[in-house]
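Let me begin by presenting the structure, written as structure tokens, before commenting on it.
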Amino acid sequence: LRETELRGERKKRIGMFFHMVLERNMQLHPRFFGRSLRENLVSKLMKDVEGTISGRHGFVLAVTGIESIGKGLIRDGTPFVTFPVKYRCVVFRPFEGEVLEAVVTTVMQHGFFAEAGPLQLFVSNHEMQDGMEYQAGDIPNYTSSDASVRIQKDCEVLLKITTVSVVATEIFCLGSIKGKYLGLLNDRA
């Protein structure tokens, strides 16, 4: 467990997972005020941020707590009130060089796509062990020259992230299964 400071944000890192404190302005209609105001704000926050992607922070997996809720400000010309909310959450952010398990989703002539939780990855045929050949047909796959390894849809692979591409609302990675201990883990097909 390592705690780091990045642009004024507190983070605790465990591999590709971070426990962070983030801020968000939440808008709430007055019909949600009353005794359950806090619960309504927290519920709306969880609905709005869990499962979203921020290129800067990564995939927001879960809100784990509320640090503070500021005073509400009425928005001019509307009945809505804006509350600044500071909250703790777990985010998933991949880095180059990380090794992770992924499930193959699509196999094609130029490589295969895989998913690791919310993360999509592509492994080019140039980033596979030598001797892997593409086999077209009903179930496209990559098979080793001695037929001992067969990578196809729904197989689990251990891969290394070689490139991370981050844009405002999307994170995409390139990976490799070249190297010691990388490659096919389990054939679930």
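The figures here come from the full heavy-atom set of this structure, side chains too, leaving out hydrogens, waters and symmetry mates. The structure presented is a predicted model; accordingly, all values stated were derived computationally and were not measured.
Residue pairs meeting the side chain to side chain donor-acceptor pair (under 3.5 Å) criterion with at least one partner in residues 123-137, sequence neighbours excluded, are Glu127-Ser176.
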Would you check, one step at a time, whether the test side chain to side chain contact (heavy atoms under 4.5 Å, CB included) holds for Leu61 with Phe17? CA-CA 9 Å; Leu61 300 178; Phe17 297 93; 3.6 Å; yes
Hey, mind stepping through Ile171 and Arg93 against side chain to side chain contact (heavy atoms under 4.5 Å, CB included) and telling me if it holds? CA-CA 9 Å; Ile171 300 174; Arg93 174 72 189 252; 4.3 Å; yes
Checking side chain to side chain contact (heavy atoms under 4.5 Å, CB included) for the pair Gln152/Cys155: CA distance, chi angles, key distance, verdict? CA-CA 6 Å; Gln152 63 189 37; Cys155 290; 3.6 Å; yes
Glu115 and Val103: CA distance, side-chain angles, deciding distance, side chain to side chain contact (heavy atoms under 4.5 Å, CB included) verdict: CA-CA 5 Å; Glu115 292 178 350; Val103 176; 5.5 Å; no
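Using a 4.5 Å cut-off between side-chain heavy atoms of Ile, Leu, Val, Met, Phe, Trp and Tyr, with links allowed through other members, Val81 and Phe32 fall into the same hydrophobic cluster. With hydrophobic clusters built from ILVMFWY side chains whose heavy atoms lie under 4.5 angstrom apart, Leu174 does not share a cluster with Val166. Transitive grouping of hydrophobic side chains (ILVMFWY, heavy atoms separated by less than 4.5 Å) brings Ile74 and Phe83 into a common cluster. Hydrophobic clustering places Phe172 together with Met108 (ILVMFWY residues linked when any side-chain heavy atoms are closer than 4.5 Å, directly or through intermediates). Phe33 and Ile69 fall within a single hydrophobic cluster, where Ile, Leu, Val, Met, Phe, Trp and Tyr are joined by side-chain heavy atoms under 4.5 Å apart, directly or via other members.
In this structure, Leu119 and Cys173 have side chains that are in contact, with non-hydrogen atoms separated by less than 4.5 Å. Contact check for Tyr142 versus Ile177: no side-chain heavy atoms found under the 4.5 Å cut-off. Residues Pro118 and Ile53 fail the side-chain proximity criterion, which asks for heavy atoms closer than 4.5 Å. Looking at Lys86 and Val21, their side chains come closer than 4.5 Å, going by heavy atoms from C-beta outward. Two residues are said to be in side-chain contact when any heavy atoms from C-beta on lie closer than 4.5 Å; Asn141 and Ile151 fail this criterion. A heavy-atom distance below 4.5 Å is found between the side chains of Leu37 and Leu28. Put simply, the side chain of Val164 does not reach to within 4.5 Å of the side chain of Phe95, judged on heavy atoms. The shortest distance between side-chain heavy atoms of Phe18 and His57 does not fall below 4.5 Å.
Of all heavy-atom pairs spanning Ser144 and Asp146, the tightest one is OG-OD1, 2.7 Å. Considering all non-hydrogen atoms of both residues, Val149 and Met132 come closest at CG1-CE, 4.0 Å. When all heavy atoms are compared, the tightest approach of Leu100 to Ala116 is CD1-CB, 3.3 Å. The shortest heavy-atom contact between Asp138 and Pro140 is O-CD, 3.6 Å.
Summarising the local packing, CD1 of Ile66 is surrounded by more than 12 heavy atoms from other residues, nucleotides or ligands at distances under 6.0 Å. Within a 6.0 Å radius of NZ in Lys160, no more than 12 heavy atoms belonging to other residues, nucleotides or ligands are found.
The CD1 atom of Ile161 sits 6.0 Å away from atom CG of Leu121, with the distance rounded to the nearest 0.5 Å. The NZ atom of Lys180 lies 11.5 Å from the CG atom of Leu182; values are rounded to the nearest 0.5 Å. The CZ atom of Arg88 lies 4.5 Å from the CD atom of Glu67; values are rounded to the nearest 0.5 Å. If you take CD1 on Ile139 and CZ on Arg150, they are separated by 6.0 Å, rounding to the nearest 0.5 Å. In this structure, OG1 on Thr82 lies 4.5 Å from CD on Gln27, to the nearest 0.5 angstrom. Atom NZ of Lys178 and atom CE of Met128 lie 10.5 Å apart (nearest 0.5 Å).
Partners of Phe113 by ring pair (Phe, Tyr, Trp, His ring centres under 6.0 Å), not counting sequence neighbours, listed by chain and number: Phe122.
Using cut-offs of 30° and 60° on the angle between ring planes, the pair His29 and Phe80 is perpendicular.
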